[in-house]
> 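My questions all concern the structure below.
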Amino acid sequence: MAAPPERRCWEREQARLKAGVVEQDTEEWQKDPNFTGLERVGGVDLSYIKGDDTSACASLVVLSYPALQVLYEDCRMVAVTAPYVAGFLAFREVPFLVEAVQRLQQEEPKLRPQVLLVDGNGLLHHRGFGVACHLGVLTDLPCIGVAKNLLQVDGLARDELHREQIRSLQRSGDTFPLTGTSGRVLGMGACWVLDLSFLNAQVLRSYNNSSKPLYISVGHRVSLDTAVRLVRSCCRYRVPEPIRQADIRSREYIRKQLCAPLEVRPARPESSKKEAELEDESDA
DNA sequence: GCGACAG
DNA sequence: ATCTTGTCGC
């Protein structure tokens, strides 16, 4: 069965944009062990409404660095058109993220982030060009892909080897390379914040069941090593703060969108209902 | 053929 | 992505 023509078109577009991807540190602060000179880190995310796959809230936040305080927030309802297809996430979400970045640069140019953390993958992708690369090339900003689940590509899978790598890093607090069958390191698995809440109850099982790793990969204009160091320095909880704030705020925005119409809805016409009931009774 | 599949 | 409460512990 041939791939849908729409997907063919998407692949051509990715191939075209891929020429612009940069996998190396291009900024001075990236080369500094303490990221001296880095002052603003951005995070982006889309949240969806449960039964509605076309309405979403796109959010962009900018946090100060290293304090990680929110300097800027932009949440906006958008009409999503492209369906979600694993491997083609960028075509669904990137247009709205680019708009948000352009809006920021127009309205608050001084708050332009120096790097963006993106929910999803960069080079860790079927065609080596995930949403983080896509957004990076279109905005010309350094981008880092941070995924919460492993995209199974180039032989990578949630197999016994992968589970063993997770177990080993949870003891050392370190990272492990995501090496594809091709031999290429596509990204790094990492887990810096362990969930020890149930340590007392099941000490033994905790090592096998505690929090899942993050999957970090290069998006644009950043090296993998720098990407991993930066994400680590942004983690208060499992998910790095810029993405976490974008996620929290977009979900909250949607929650308020859903509640607002209920509050202004006029009271039910109780009178007519009672009259109808009375008529029924009188007829009976 | 069946299963897998970032958000 | 989203559906979902309480609960146990520091």
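Chain letters run A, B, ... following the sequence lines, proteins first and then strands; every chain starts at 1. When reading the values below, keep in mind they use all heavy atoms of this one structure, side chains included, and skip hydrogens, waters and symmetry mates.
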> For Val131(A), report the nucleic acid contact type (base, sugar-phosphate, nothing); a contact means any heavy atom under 4.0 Å.
base
> May I ask you to establish whether Arg127(A) and Phe88(A) are in a cation-pi arrangement, using a distance under 6.0 Å from NZ or CZ to the six-membered ring centre and at most 45° from the ring axis?
yes
> Taking a pair as Watson-Crick (N1 to N3 plus N6-O4 or O6-N4) or G-U wobble (N1-O2 and O6-N3), both under 3.5 Å, which stems of 3 or more consecutive pairs involve DNA chain B?
none
> In whole angstrom, give the distance that lies between atom CG of Leu124(A) and atom C1' of dG7(B).
14 Å
> Return the minimal non-hydrogen interatomic distance between Gly183(A) and Thr179(A), and the atom names on each side.
O-CG2, 3.6 Å
> Minimum heavy-atom separation for Val61(A) to Pro242(A), with atom names?
CG2-O, 3.3 Å
> Rounded to whole Å, how long is the line connecting atom OH of Tyr215(A) with atom P of dG7(B)?
10 Å
> Whole angstrom is fine here: how far is it from CD in Gln152(A) over to P in dG7(B)?
12 Å
> I need the Arg7(A) CZ to Arg12(A) CZ distance, nearest 0.5 Å.
14.0 Å
> Should the ring pair His162(A) and Tyr215(A) be called parallel, tilted or perpendicular, given that the plane angle runs from 0 to 90° and is split at 30 and 60?
parallel
> Under 6.0 Å from the CZ atom of Arg236(A), do we count more than 12 heavy atoms belonging to anything else shown?
yes
> Go along nucleotides 1-7 of chain C 5' to 3' and tag each nucleotide: B for a protein heavy atom under 4.0 Å from its base, S when only backbone or sugar atoms are that close, - otherwise.
SSS----
> Regarding Gly145(A), tell me which of base, sugar-phosphate or nothing describes its non-hydrogen contacts under 4.0 Å with the strands shown.
nothing
> What integer distance in Å separates Tyr84(A):OH from dA4(B):P?
15 Å
> Measure from NE2 on His125(A) to P on dG7(B) and round the result to the nearest Å.
12 Å
> Rounded to the Å, how far apart are Leu151(A) CG and dA6(B) P?
6 Å
> What integer distance in Å separates Ile243(A):CD1 from dG7(B):C1'?
11 Å
> Above 12 or not: heavy atoms from other molecules or residues under 6.0 Å from CD of Gln106(A)?
no
> Take atom CD in Glu252(A); do more than 12 heavy atoms of anything else shown fall under 6.0 Å from it?
yes
> Calculate the interatomic distance between Asn121(A) atom CG and dC5(B) atom C1'; express it in whole Å.
12 Å
> For Phe35(A) and Tyr65(A), take the angle between the two ring planes, folded into 0 to 90°, and tell me which bin it lands in: parallel under 30, tilted 30 to 60, perpendicular over 60.
perpendicular
> Within the 4.0 Å heavy-atom criterion, would you say Phe91(A) contacts the bases, only the backbone, or no part of the nucleic acid?
nothing
